[in-house]
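Fair warning: this is a prediction, and the values are worked out from it, not measured in the lab. Throughout, protein chains are lettered first and strands after them, A, B, ... in sequence-line order, and every chain is numbered starting at 1.
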2 protein chains.
Amino acid sequence: MSTEQIKGHLDPLVLAVLEDGPRHGYAIIEQLRLRSGDVFDLPEGTVYPALHRLERLGLLTSVREVVGGRERRVYRLARRGRTALAARRREWTRFSSAVNAILAASSA
Amino acid sequence: MSTEQIKGHLDPLVLAVLEDGPRHGYAIIEQLRLRSGDVFDLPEGTVYPALHRLERLGLLTSVREVVGGRERRVYRLARRGRTALAARRREWTRFSSAVNAILAASSA
DNA sequence: TGCTCATACCTAGAGAACCTAAGCATAGGA
DNA sequence: TCCTATGCTTAGGTTCTCTAGGTATGAGCA
């Protein structure tokens with residue numbers, strides 16, 4: 001009954017970040033934090049497995065890069081990822097409207 | 001990657017329904033369906049355990065009633081439930097704003 | 001009478017997703 | 001040298017929803 005629950009909503013957020021161009025995991029985490037105004041400060045153990053899952057589903061592709069002696073895995077939105085993002089945006093609208101309707105309603 | 005995800009957001013919805021007055025489980029399910037415009041058509045196996053949990057947490061109280069020969073358990077929002085609802089409304093606003101910010105942003 | 005449907009509740013176990021916590025590795029600054 | 005930031009990985013725990021089964025009453029219909 002305490003913390004924020006992204007449960008089930010992380011996928012579209014990640015896809016949306018990658019809509020602006022390829023990024024590696026660490027940068028994705030940073031973008032989520034920045035764009036959310038510090039609301040989503042997600043642990044690596046949350047985001048990395050999600051990236052693996054999305055790639056396994058064919059929504060992302062990834063390549064390794066070495067930058068400044070350090071290795072990164074850069075993710076890119078696949079065609080199917082774009083389609084999925086559009087669908088998830090619609091689902092979010094539907095979902096959040098429904099929640100708002102119930103939370104707002106003082107149908108006394 | 002398919003269905004809607006209420007995960008972690010059911011509690012405030014139930015509390016909000018009970019804000020309008022005491023209701024039994026079956027009626028709560030119906031209210032969630034009606035107020036959401038059929039978006040939330042939740043199975044009993046989802047809602048009943050949630051009600052038990054919320055009561056265990058002291059956010060709800062319940063009494064048995066017999067109506068037309070059938071037994072019901074009628075739930076009422078406890079004082080702590082009201083407080084929790086207010087907090088959860090604020091959290092939802094914060095959460096949904098953050099999601100919207102990320103999903104909307106084509107920060108190209 | 002027997003059947004089905006709506007009402008009304010309960011719960012065990014499966015499945016999914018996030019988080020904790022640990023580990024590994026490099027670069028750079030104190 | 002040590003610490004911090006960067007960067008990735010994964011095992012296991014927790015929590016929540018859903019599936020699927022069970023129980024029971026009342027009403028309508030054949």
Respond yes when some side-chain nitrogen or oxygen of A:Arg53 is under 4.0 Å from OP1 or OP2 of C:dC18, and no when none is.
yes

Using atom CG of A:Leu57 as one end and atom P of C:dA16 as the other, report the distance to the nearest whole Å.
11 Å

Please state how far atom CD in A:Gln31 lies from atom P in D:dG7, giving the value in whole angstrom units.
13 Å

Taking CZ from B:Arg64 and P from D:dA24, how many angstroms apart are they, rounded to a whole number?
14 Å

Across the strands shown, which category fits A:Gly45 at heavy-atom distances under 4.0 angstrom: base, sugar-phosphate, nothing?
base

If the cut-off is 4.0 Å, is A:His52 near the phosphate of D:dT10, judged by side-chain N/O to OP1 or OP2?
yes

Expressed as a whole number of angstroms, how long is the span from A:Arg33:CZ to D:dA5:C1'?
12 Å

Does A:Tyr26 put a side-chain nitrogen or oxygen below 4.0 Å from OP1 or OP2 of D:dT6?
yes

If I take atom CZ in residue B:Arg72 and atom C1' in nucleotide D:dA24, what distance separates them, rounded to the nearest angstrom?
15 Å

Given that A:Gly69 and A:Pro49 both sit by DNA chain C, which one's nearest nucleotide is further toward the 5' end?
A:Pro49

C:dA17 P sits how many Å from A:Gln5 CD, rounded?
14 Å

Please report the interatomic distance OG1(B:Thr61) to CZ(B:Arg76), rounded to the nearest 0.5 Å.
6.5 Å

Hey, could you give me the CZ/OG distance between B:Arg94 and A:Ser36, rounded to the nearest 0.5 Å?
8.0 Å

Quick one: A:Leu42 CG to C:dA17 P, roughly how many Å, whole number?
16 Å

Between atom CD1 of A:Ile102 and atom CG of B:Leu32, what is the distance when rounded to the nearest 0.5 Å?
5.0 Å

Has the side chain of B:Glu44 got a donor or acceptor that lies under 3.5 Å from a partner of the other kind on the base of C:dC9?
yes

Quick one: does B:Lys7 reach the base of D:dC16 with a side-chain donor-acceptor pair under 3.5 Å?
yes

Any side-chain N or O of A:Tyr48 under 4.0 Å from OP1/OP2 of D:dC8?
yes

By nearest nucleotide on DNA chain D, pick out whichever of B:Ile6 and A:Arg73 is the more 5' one.
A:Arg73

Flag the pair B:Asp38 / B:Arg33 as yes when at least one side-chain heavy-atom distance between them is below 4.5 Å, and no otherwise.
yes

Select from A:Leu10 and A:Arg70 the residue whose nearest nucleotide in DNA chain C is closer to the 5' end of that strand.
A:Leu10

Can you tell me how far P of C:dT11 sits from CG of B:Leu51, to the nearest Å?
12 Å

Side-chain contact test, heavy atoms from C-beta onward, threshold under 4.5 Å: evaluate it for B:His9 versus A:Gln5 and give yes or no.
yes

